[in-house]
Amino acid sequence: GQGRAAIITFKDSPELDQQFTNDIGALESTLSSINGAGGDDAAEDVSGGMETALEDLNWQNGMKKAMVVVNNAGAHDCGKLSNLATEAKNQGLRVFTVADVNANLCKEEIKTEIPSKTEGETFSISDSWASTMNEISGEIGGKSKKVGGRSTCTLTPVKKYDGSAQIIFAADSSASFNDEWNTICN
């Protein structure tokens with residue numbers, strides 16, 4: 001089958017921005033509409049983003065499944081993250097985290113437990129975004145397709161997804177999101 005991607009953003013609650021699609025134009029339009037603002041505290045609702053991905057997306061059987069969780073601020077509800085990692089594994093998802101490895105809130109869950117439970121991997125948010133996405137694409141196999149969209153640092157190819165998999169991008173969209181995208185672009 002043809003690869004599909006979806007986008008979920010989260011602050012203190014998640015938002016399903018784009019249901020699974022293989023329409024590059026729809027993905028670019030969604031990426032262009034995301035603005036980083038809000039978030040009432042330092043930690044954000046990573047577990048809500050993961051839960052939305054697991055429960056509200058129209059996953060298809062017979063395709064590789066991957067989730068890329070991008071977070072620079074730590075997370076709420078560390079125990080729930082552990083349970084969601086188990087649920088993701090049970091649904092056949094590999095979870096890759098792109099995070100501030102120095103963030104203190106739920107650091108071990110995001111950096112170690114989620115990726116190890118789901119056969120994923122952790123990447124530092126300060127690493128090259130293109131390099132990170134190339135590694136993830138290589139891990140899940142197939143050819144990568146660039147999906148452009150506006151970000152605060154005007155990076156044209158913001159996301160990549162594998163042509164033979166379903167990938168969900170769950171990303172922090174709080175006020176610190178702007179700093180996160182600037183970090184990704186440098």
Side-chain angles (χ1 to χ4, degrees), residues 3-21 27 30-31 34 36 38-125 127 129 132-133 135-137 139-141 159-162 165-174 176-177 180 184:
R4 306 180 320 146
I7 302 167
I8 294 171
T9 55
F10 52 85
K11 300 172 180 124
D12 290 322
S13 61
E15 182 174 333
L16 176 54
D17 298 283
Q18 176 65 57
Q19 184 58 258
F20 275 119
T21 184
L27 290 163
T30 299
L31 286 169
I34 297 170
D40 294 330
D41 54 14
E44 303 306 342
D45 193 12
V46 177
S47 60
M50 288 181 66
E51 188 169 44
T52 299
L54 291 168
E55 295 178 4
D56 295 346
L57 290 175
N58 57 349
W59 295 95
Q60 290 181 353
N61 292 328
M63 294 183 81
K64 297 174 188 174
K65 300 176 184 178
M67 182 184 311
V68 179
V69 178
V70 182
N71 176 260
N72 75 338
H76 297 283
D77 202 351
C78 301
K80 189 172 186 179
L81 286 172
S82 179
N83 294 338
L84 289 167
T86 300
E87 185 177 335
K89 178 183 168 141
N90 291 342
Q91 290 187 29
L93 268 85
R94 292 180 69 186
V95 181
F96 300 87
T97 59
V98 182
D100 179 349
V101 294
N102 296 313
N104 291 323
L105 301 169
C106 303
K107 177 179 173 178
E108 288 307 309
E109 288 80 1
I110 292 171
K111 183 179 165 188
T112 306
E113 187 172 355
I114 293 170
S116 67
K117 273 189 178 182
T118 63
E119 299 179 25
E121 194 173 335
T122 296
F123 299 89
S124 172
I125 200 159
D127 291 343
W129 182 250
T132 297
M133 294 314 299
E135 273 197 62
I136 292 171
S137 293
E139 286 284 327
I140 58 177
K159 306 285 187 196
K160 285 187 176 184
Y161 73 97
D162 176 276
Q166 301 172 98
I167 299 181
I168 171 61
F169 292 96
D172 182 347
S173 65
S174 65
S176 62
F177 180 74
E180 180 175 303
I184 287 170

Pick from Thr86, Asn90, Thr112: which one makes a side chain to side chain donor-acceptor pair (under 3.5 Å) with Lys117?
Thr86
Search all heavy atoms of Met67 against all heavy atoms of Met50 and return the closest pair with its distance.
SD-CG, 3.8 Å
Return the minimal non-hydrogen interatomic distance between Ile8 and Gly49, and the atom names on each side.
CD1-O, 3.8 Å
Glu119 CD: over 12 foreign heavy atoms closer than 6.0 Å:
no
Straight-line distance of Glu51 CD to Glu55 CD, nearest 0.5 Å
4.5 Å
State which residue, out of Thr30, Thr52, Asp17, fulfils the side chain to side chain contact (heavy atoms under 4.5 Å, CB included) condition with Thr9.
Asp17
Derivation of the side-chain contact (heavy atoms from CB on, under 4.5 Å) call for Arg4 and Thr21
CA-CA 5 Å; Arg4 306 180 320 146; Thr21 184; over 6 Å; no
Would you name the heavy atoms of Leu27 and Ala5 that are closest together and state the gap between them?
CD2-O, 3.8 Å
Can you tell me how far apart CD1 (Ile7) and CD (Glu15) are? Round to the nearest 0.5 Å.
11.5 Å
Can you measure from CD (Glu139) to CZ (Arg94) and round to the nearest 0.5 angstrom?
5.0 Å
Any side-chain heavy-atom pair from Ile114 and Val69 closer than 4.5 angstrom?
no
Show your working on side-chain contact (heavy atoms from CB on, under 4.5 Å) between Asn71 and Thr97 and close with a plain yes or no.
CA-CA 8 Å; Asn71 176 260; Thr97 59; over 6 Å; no
Go through the steps to decide whether Asp127 and Val98 satisfy the test side-chain contact (heavy atoms from CB on, under 4.5 Å), and finish with yes or no.
CA-CA 9 Å; Asp127 291 343; Val98 182; over 6 Å; no
Side-chain donor/acceptor of Trp59 to backbone N/O of Phe20, under 3.5 Å:
no
Show the nearest heavy-atom pair for residues Pro115 and Thr122, with the distance to one decimal.
CG-OG1, 3.0 Å
With heavy-atom distances below 4.5 Å as the criterion, would you say the side chains of Val46 and Leu81 are in contact?
yes
Run the side-chain contact (heavy atoms from CB on, under 4.5 Å) check on Thr132 and Phe96 step by step: do they pass?
CA-CA 10 Å; Thr132 297; Phe96 300 87; over 6 Å; no
When rounded to the nearest 0.5 Å, the distance separating NZ of Lys80 from CD of Glu109 is 14.0 Å
Taking all non-hydrogen atoms of both residues, which atom of Thr118 and which atom of Ala85 are closest, and how far apart?
CG2-O, 3.4 Å
Are more than 12 heavy atoms from other residues, nucleotides or ligands located less than 6.0 Å from atom NZ of Lys89?
no
Got a donor-acceptor contact below 3.5 angstrom from the Ser116 side chain to the Glu113 backbone?
yes
If you take all heavy atoms of Leu57 and Ala6, which pair is closest and at what distance?
CD2-CB, 3.9 Å
